[in-house]
Amino acid sequence: MTQNLPDVPRSSAFFFDFDGTLVAIAPRPDLVAVEPHVREILRALAIQFDGAVAVVTGRPLEVVDGFLAPVALPVAAEHGSIRRDSRGMLHIDEGNEAAVAAAHAALEPLAEDNAGLLLERKRSSIALHFRQRPELAAVCEGAVQDVVAENPGLVILPGKMVFELKPKGIDKGEAVRAFLGEAPFQGRTPIFIGDDVTDEHAFEVVNALGGLSVKVDDGDTLARFRTDRKGLFEWLFRVVDQG
Ligand SMILES: [Mg+2]
């Protein structure tokens, strides 16, 4: 499945999704493991590309920081509603806090009544994970659709064994645009690497800007290149070696 990934411009900016891209997906989100070569490659890319390396994820900021420590990168967390720029400044979009709280309250009974469902409350979004109860996919989908019908300021982001609810107007594509408006990302060719439906917003933005979009693993995509995680890291080490 690995296509030959191209050489990258010297003036590139790297944007990485976290789950399924930097780390392999685990049975529960807290169980992912960061392999040592992941930190190694992030450090090397950050040096080679003048700090223009960021993580763009649906995860909360402190969770990503915890997994990647001691490496601390610019991060767009919760799909971009919380973004830490290269100077360490936080940009927070409070979004529609009341709707997110209402959605959480509405979904709590479902999660409580069904062992194995995991309802994750983040600062400005929520995630209903059903990886351990795949037979409840349709039930979960119906529940989040009901919630959005009641709270039209929210949208559903379907992911791998998860439905996320977040305020409209916040997505990974906008997060990439925000980084590209600032040093050290500004003026660089964006490269976005991701594996899931939520990454499609970023692929679209990167394609429009003449950048490089890389989809990890299978699934329909707008990305121009495709690889698996093994191929991804082989490519990244090649990029670093050629620098
Ligand atoms: Mg992912």
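Both counts, for ligands and for their atoms, begin at 1 and track the order of listing. Since the structure is predicted, the reported quantities are computational estimates derived from the model, not experimental observations.
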A.B. asks: Counting only heavy atoms not in Arg238, do more than 12 fall under 6.0 Å of its CZ?
C.D. replies: yes
A.B. asks: So Phe15 and Ile193, side chain to side chain contact (heavy atoms under 4.5 Å, CB included) or not? Walk me through it.
C.D. replies: CA-CA 6 Å; Phe15 300 97; Ile193 304 137; over 6 Å; no
A.B. asks: Say whether Val75 and Phe14 are linked into one hydrophobic cluster, either directly or through other cluster members, by side-chain heavy-atom distances under 4.5 angstrom.
C.D. replies: yes
A.B. asks: Anything under 30° is parallel, anything over 60° is perpendicular, the rest tilted; go ahead and classify Phe203 against Phe192.
C.D. replies: perpendicular
A.B. asks: Considering residues at least two apart in sequence or located in another chain, which fulfil the side-chain hydrogen bond (donor to acceptor under 3.5 Å, both in side chains) criterion with Thr198?
C.D. replies: none
A.B. asks: For Lys166 and Lys122, what are the C-alpha separation, side-chain angles and deciding distance, and is it a side chain to side chain contact (heavy atoms under 4.5 Å, CB included)?
C.D. replies: CA-CA 10 Å; Lys166 64 160 188 66; Lys122 300 184 264 188; over 6 Å; no
A.B. asks: Would you mind counting protein N, O or S atoms that sit less than 2.8 Å from the Mg ion (ligand 1)?
C.D. replies: 3
